[in-house]
J.: 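Handing you this structure, nothing more for now.
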Amino acid sequence: MTDDASKPQSVRDYRETLFLPKTDFPMRAGLPKAEPKWLERWEKLNIYNQLRAASQGREQYVLHDGPPYANGHLHIGTAMNKILKDFVTRSHQMLGYNAQYIPGWDCHGLPIEWKVEEQYRKKGRNKDDVPLAEFRKECRDYASHWLDVQREEFKRLGVQGEWGNPYTTMAYSSEAAIAGEFLKFAQSGQLYRGSKPVMWSPVEQTALAEAEVEYADHTSTTIWVRFPVSGTPVSVNLERASKMKDASVLIWTTTPWTIPGNRAISYNTSISYGLYEVTAIDDSDFTPWSRVGEKLIVADSLWEEVAKTAKVSGFTRLADVDASTLTCAHPFAGEGYDFPIPLLAGEHVTEEAGTGFVHTAPGHGAEDYDVWLANGYKDIPETVGPDGAYYDHVPLFSGLQVIRTTGKKTGKDGPANAAVVDKLVETGALLARGRIEHSYPHSWRSKAPVIFRNTPQWFIALGEEGDKNSLRAKALAAIENTRFYPPRGKNRLSAMVDGRPDWLISRQRAWGVPLTLFVRAGTGEYLQNEAVNARIIEAFKVEGADAWFAENAQERFLSGLVDDWEAYEKVEDILDVWFDSGCTHAFTLENRENLKWPADLYLEGTDQHRGWFQSSLLESCGTRGRAPYDGVFTHGFVMADDGRKMSKSLGNVIDPADIARTNGVEILRMWVASSDVQDDMRMGPEIIKTAADSYRKVRNTLRYLLGALQGFDETKQVEPKDMPSLERLMLHRLSVMDEEVRAAYIALDYKRAFSLLFAFCNEELSAFYFDIRKDALYCDPLKSPRRLAARTVMDLIFERLVTWFAPLMPFTMEEVWLTRFPSDTDSVHLRTFPDTPTDWRDDALAADWTRITNLRRVVLGSLEEARSAKLIGSSLEAMPQVFAQDAADHAAITAQAEGAEAEFLADVFITSQAVLTAQEGPDNAFRLGDAPGVSVLVEKAPGVKCSRSWKYFDAANADASYPDITLRDAKAVREWDTAHG
RNA sequence: GCGGCGGUAGCUCAAUGGAUAGAGCACCUCCUUGAUAAGGAGAAGGUUGGGGGUUCGAGUCCCCCACGCCUUCCCA
């Protein structure tokens with residue numbers, strides 16, 4: 001039989017009688033244009049404040065913003081960070097908390113100062129000629145400018161927060177608070193002034209903390225230098241002494257300019273040293289500095305290499321050497337360097353490179369300093385000034401710069417190295433020289449090399465090992481009481497705090513909060529006076545930290561409160577900006593009304609283990625004895641799609657502003673939501689495309705719901721008990737999803753939340769539920785219980801899906817929500833996740849459906865086979881005969897089919913009819929390897945094709961008035977005809 | 001160099017030491033044309049970075065190597 005033969009002469013087009021999904025919601029989003037309009041609307045409605053008002057009395061959840069630096073445009077990393085934060089606050093708000101978010105900015109510090117200085121240089125002005133107040137004002141303006149730029153960029157990302165009232169480290173109230181926090185350290189005695197070698201940038205003329213340097217390749221001049229042995233103790237026998245006559249201890253260094261600062265030579269007691277006499281030299285290429293007959297003391301393991309470098313072609317090893325018995329002279333002895341050079345034992349000396357002896361300049365290296373002090377010496381020579389030039393008192397080299405600090409060659413070697421080398425040649429001390437490329441610390445701002453330089457600086461003491469009351473011990477204990485996401489962050493932060501040196505907090509800069517200290521002239525002790533402190537803080541609140549630099553500040557703050565106010569010196573150093581940011585908890589969480597301290601969460605990139613997580617922890621532990629946070633969330637860095645760093649030179653940089661312009665921010669947000677943010681993420685064109693594809697999928701699922709729910713209202717709802725099994729299955733799934741999605745949001749696991757939602761849309765809605773229920777939705781009489789039940793469930797799905805997605809995709813969910821419920825004032829973001837009745841959960845029913853969908857799987861496979869054999873095209877042309885041997889499968893179907901098994905199965909399989917048989921299928925039946933006991937034979941469905949539902953049916957059963965459609969369709973059409981005349 | 005972390009399909013992600021390593025997307029093929037710049041199905045795609053080891057059994061635990069990222073130190 002063919003379709004044509006069974007059809008009546010004039011075929012009615014039933015399309016208009018169908019209920020097809022209808023919606024104005026466009027398939028294409030046009031996000032780049034639409035998003036700014038949503039932002040405008042939210043701003044107009046003042047959603048953030050509405051939420052605050054509506055959340056009064058709810059439990060608070062506070063994510064405290066780590067302040068970005070107010071300089072430059074956003075990059076993909078900062079964008080990702082803020083989007084993640086937005087996930088946190090939005091999801092917690094919808095979980096039922098009062099989740100506030102106060103964005104903040106870090107405004108002080110070297111990078112801004114550096115930029116402002118650059119501007120001056122361009123105008124031909126020297127920074128030192130600019131009055132301090134004017135300079136600070138310029139810095140403030142510069143920070144304000146970038147703060148505004150960044151604020152707009154952050155808002156464009158859809159990040160919800162109190163943008164109109166952010167915190168900044170440069171607000172007067174903040175500057176007052178920072179000074180107040182600093183003075184707490186001073187009052188409690190945790191602050192001290194020490195003189196030790198610190199990393200110093202001559203170009204910026206400031207000390208730098210670890211966090212402010214970066215390592216880059218640098219070519220250094222290396223020198224091998226003879227230090228003549230000047231004496232051996234009397235206890236050494238004469239033979240030995242004579243051998244030592246004219247011998248030299250050989251050292252190697254990559255920093256010739258530190259030779260004037262040399263005061264000792266370090267050796268290691270576990271290294272064996274030998275006295276070598278040079279018997280021949282290789283002068284074929286050039287005349288080496290080594291001389292036949294000279295005696296050198298070098299580590300035995302390193303001698304050969306040294307000999308090679310020095311062109312020594314023949315030698316005799318004369319004797320073992322006990323380094324501890326030696327004293328040397330400085331190579332420049334007789335020219336102002338007339339002091340003995342002792343040999344000091346030090347564990348830091350190794351045999352990896354060099355000569356086994358380490359030239360020791362206590363003012364220019366941490367280990368040098370330590371060894372020097374450990375041997376009872378106290379004076380630390382000061383050889384190089386803040387400008388990186390030798391002090392005037394340094395013989396031979398006064399005024400020469402180590403690193404150029406001005407002009408085009410800024411950052412390159414100054415004349416110091418060359419002058420020292422020349423002088424070494426002149427005095428005959430140089431044995432050899434060379435060049436080495438190695439990684440070397442550079443300033444993160446000027447990119448110029450830094451030097452180690454001894455200078456008095458202010459430190460916060462971390463405390464001695466074993467001291468349970470030390471700041472370090474308190475911080476470590478606080479880490480133990482903090483929840484880390486992921487947990488490995490705990491180890492990381494602990495290890496860093498455990499191993500870090502005292503906190504160097506003074507900088508010789510201008511733009512920041514000063515160390516508000518007065519030092520007693522002569523004694524070096526700093527004033528600890530609560531009344532003075534109060535005066536300072538009060539002044540800062542009104543005038544900002546500029547008050548410190550105003551004329552007569554000293555008199556203003558001290559007079560009347562101390563005996564002799566002129567006997568003090570006002571400290572002019574500026575606080576490390578990490579100290580500023582370490583105080584954000586104090587002036588934001590504590591000082592603002594309606595916030596709480598400590599924060600629930602700090603969320604930053606893993607680099608902040610050494611930055612903000614740590615500065616905040618130390619600051620808070622030093623002043624309050626505990627961490628300012630209960631939880632720390634760390635995310636990785638954004639890499640290019642090949643896993644390498646993004647860099648302009650490689651051309652693999654993805655700019656978030658570009659994505660906003662071309663794809664829309666929502667795509668960026670989806671990328672964040674689908675990425676494993678706790679590891680490094682990858683970003684590139686293909687990855688954006690994947691996110692955009694996912695977006696379309698989600699959008700279409702919601703679009704279908706909107707279309708299907710056209711005209712649906714609550715009065716048409718069906719009670720769960722009156723619903724078909726399939727609808728109750730979907731309710732069950734919603735209850736499970738509710739639990740899982742909430743759990744994912746609580747665990748800050750957005751990837752999980754997203755993949756749950758995404759998979760639900762794809763696998764359970766689009767490919768399963770919607771597909772099966774299309775027939776009932778389109779063709780059933782409008783009031784059929786099945787159709788009403790389906791729409792009821794779709795409504796419940798809609799309500800949940802939209803809110804569950806809302807924290808991740810705020811723009812699109814708002815659009816979806818308002819398409820369904822038009823309003824000038826409403827917003828999906830004012831809602832919370834809907835309560836989901838626990839009695840929707842039905843595990844027994846779900847278990848039955850697991851069996852049914854397993855059968856469905858086999859049937860779909862069999863249909864595909866029939867399709868490729870050209871037996872059928874559409875699945876409605878088929879009547880699968882299912883052979884299921886397992887009685888439990890039958891029981892499941894019986895339980896869920898509600899008395900109409902064949903129709904039930906046909907619906908589930910989306911076929912016109914279906915037959916279920918309890919026996920083993922024939923050999924030629926279709927089977928799947930992982931579904932034993934189930935097989936399917938596909939036959940063409942008998943009967944005629946219904947002109948309306950396209951299902952095949954027995955025409956003998958047709959309604960006389962509508963002979964070409966099924967009875968169900970006839971009923972629907974009759975209703976439609978009645979309604980439409 | 002030290003230390004930490006990481007790697008699973010073209011892409012994004014799963015997988016208490018336990019069966020033939022799973023999903024989605026993309027690609028390809030087919031169906032549908034009543035979600036249509038959509039929808040459905042199927043196929044293909046893997047030496048789980050490489051190599052050893054422990055184990056009845058390893059993506060998972062141990063060791064080594066190479067790689068990437070972070071961190072730290074640095075050739076004094």
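Below, chains carry the letters A, B, ... as their sequence lines are ordered, and counting in each starts from 1. Keep in mind that the numbers below use all heavy atoms, side chains included, and drop hydrogens, waters and symmetry copies.
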J.: Nearest whole Å is fine: how far is B:A41 P from A:Ile772 CD1?
T.: 10 Å

J.: Just to verify, which of A:Arg610, A:Gln614, A:Arg488, A:Gln608 counts as forming a side chain to side chain contact (heavy atoms under 4.5 Å, CB included) with A:Leu493?
T.: A:Gln614

J.: Could you list all N or O pairs between the protein and nucleotides 3-5 of chain B that sit under 3.5 Å apart?
T.:
none

J.: A:Leu860 has a side chain; which of B:A41, B:G39, B:G34 sits nearest to it?
T.: B:A41

J.: Check the distance between B:C70's P and A:Gln608's CD and give it to me in whole angstrom.
T.: 14 Å

J.: Choosing from B:U36, B:C13, B:A41, which nucleotide comes nearest the side chain of A:Ser675?
T.: B:C13

J.: Could you check how far CG of A:Leu705 sits from C1' of B:G39, rounded to whole Å?
T.: 14 Å

J.: When all nucleic acid strands are considered with a 4.0 Å heavy-atom cut-off, which category describes A:Arg948: base, sugar-phosphate, or nothing?
T.: base

J.: For A:Asn262 and A:Phe227: C-alpha separation, side-chain torsions, deciding distance, then whether side chain to side chain contact (heavy atoms under 4.5 Å, CB included) applies.
T.: CA-CA 11 Å; A:Asn262 178 283; A:Phe227 277 65; 3.4 Å; yes

J.: Report, as yes or no, whether the 6.0 Å neighbourhood of atom NZ on A:Lys940 holds more than 12 heavy atoms from other residues, nucleotides or ligands.
T.: yes

J.: Can any side-chain N or O of A:Thr255 pair as donor or acceptor with the backbone N or O of A:Thr253 at less than 3.5 Å?
T.: no

J.: Would you say the side-chain atoms of A:Arg787 pair up with the backbone N or O of A:Cys779, donor to acceptor, closer than 3.5 Å?
T.: no

J.: Contact class for A:Leu18 vs. all strands (heavy atom < 4.0 Å): base, sugar-phosphate, or nothing?
T.: base

J.: Looking at the side chain of A:Lys774, which of B:G40, B:G39, B:U71 is the nearest nucleotide?
T.: B:G39

J.: Does any N or O in the side chain of A:Asn762 come within less than 3.5 Å of the main-chain N or O of A:Phe758, such that one atom is a donor and the other an acceptor?
T.: yes

J.: Assign each of A:Asp13 and A:Thr606 to its nearest nucleotide of RNA chain B by heavy atoms, then name whichever residue's nucleotide is nearer the 5' end.
T.: A:Asp13

J.: Summarise how protein sits on nucleotides 19-33 of chain B as a single string, 5' to 3': B when a protein heavy atom is under 4.0 Å from the base, S for sugar-phosphate-only contact, - for no contact.
T.: ----SSSS---BSSS

J.: Report the residues that fulfil side-chain hydrogen bond (donor to acceptor under 3.5 Å, both in side chains) with A:Asn417, sequence neighbours left out, ordered by chain and then residue number.
T.: A:Asp413

J.: Is the base of B:A35 touched by the side chain of A:Thr23 through a donor-acceptor pair closer than 3.5 angstrom?
T.: no

J.: If you check the A:Asn700 side chain, which of B:A41, B:A35, B:U71 turns out closest?
T.: B:A35

J.: Rounding to the closest angstrom, what is the interatomic distance between B:A26 and B:C69 at atom C1'?
T.: 27 Å

J.: Classify the nucleic acid contact of A:Ser755 as base, sugar-phosphate or nothing, counting any heavy atom under 4.0 Å across all strands shown.
T.: nothing

J.: For A:Thr258 and A:Asp771, find the nucleotide of RNA chain B closest to each by heavy atoms; which residue's nucleotide sits nearer the 5' end?
T.: A:Asp771

J.: Between A:Tyr695 (OH) and B:A38 (P), how many Å, whole number?
T.: 14 Å

J.: Using 30° and 60° as the class limits, which term best fits the ring planes of A:Tyr778 and A:Tyr704: parallel, tilted or perpendicular?
T.: tilted

J.: Return the value, rounded to whole Å, for the distance between atom CE of A:Met681 and atom P of B:G7.
T.: 14 Å

J.: Checking the side chain of A:Arg856 only, and the main-chain atoms of A:Phe768 only, is there a donor and an acceptor separated by less than 3.5 Å?
T.: no

J.: When you measure from the side-chain N and O atoms of A:Thr701 to the phosphate of B:A35, is any distance below 4.0 Å, counting only OP1 and OP2?
T.: no

J.: Between A:Tyr750 and A:Phe754, is the gap from one ring center to the other below 6.0 Å?
T.: no

J.: When the P atoms of B:G57 and B:A41 are compared, how many Å lie between them, rounded to an integer?
T.: 40 Å

J.: So what does A:Arg28 touch, heavy atoms closer than 4.0 Å: a base, only the sugar-phosphate, or nothing?
T.: base

J.: Taking the side chain as every heavy atom from C-beta outward, state whether A:Tyr267 and A:Val249 have any atom pair closer than 4.5 Å.
T.: no

J.: When you measure from the side chain of A:His635 to the backbone N and O of A:Gln678, does any donor-acceptor pair fall under 3.5 Å?
T.: no

J.: What is the distance, to the nearest angstrom, from the OH atom on A:Tyr750 to the P atom on B:C13?
T.: 17 Å

J.: Taking only the P atom of each, what is the distance from B:U29 to B:A44 in whole angstrom?
T.: 15 Å

J.: When the C1' atoms of B:C27 and B:A9 are considered, how many whole Å apart are they?
T.: 12 Å

J.: Out of B:U12, B:U71, B:C11, which has the shortest distance to the side chain of A:Glu686?
T.: B:C11

J.: A:Met639 has an atom CE; how far is it from atom P of B:U12, in whole Å?
T.: 13 Å

J.: Between B:C2 and B:C63, how far is it from one P atom to the other, in whole Å?
T.: 15 Å

J.: In this structure, which stretches of RNA chain B are paired as stems of three or more consecutive Watson-Crick or G-U pairs, both distances less than 3.5 Å?
T.: B:3-6 with B:67-70, B:10-13 with B:22-25, B:28-31 with B:39-42, B:49-53 with B:61-65

J.: Using the P atom on both, measure B:G68 against B:C62 and round to a whole Å.
T.: 23 Å

J.: Looking only at atom P, what distance separates B:A19 and B:C31, rounded to whole Å?
T.: 38 Å

J.: Between B:U12, B:A41, B:G39, which nucleotide gets closest to the side-chain atoms of A:Arg682?
T.: B:U12

J.: Do any N or O atoms from the side chain of A:Trp671 and from the backbone of A:Arg682 form a donor-acceptor pair under 3.5 angstrom?
T.: yes

J.: Say we look at B:A21 and B:U48: how far apart would their P atoms be, to the nearest angstrom?
T.: 10 Å

J.: Under 3.5 Å between N/O atoms: give me all the protein pairs with nucleotides 44-46 of chain B, atom names plus distance.
T.:
none

J.: Taking side chain as C-beta onward, heavy atoms only, is A:Thr812 less than 4.5 Å from A:Arg669?
T.: no

J.: Under 3.5 Å, is there a donor-acceptor pair between the side chain of A:Arg263 and the main chain of A:Ile341?
T.: no

J.: Between A:Arg703 and A:Phe25, is there a donor-acceptor pair closer than 3.5 Å when you use the side chain of the first and the backbone of the second?
T.: yes

J.: With sequence neighbours left out, write down each residue that passes side-chain hydrogen bond (donor to acceptor under 3.5 Å, both in side chains) with A:Ser615, or none if nothing qualifies.
T.: none

J.: Could you tell me the separation between the CD1 atom of A:Ile965 and the P atom of B:G34, rounded to a whole number of Å?
T.: 17 Å

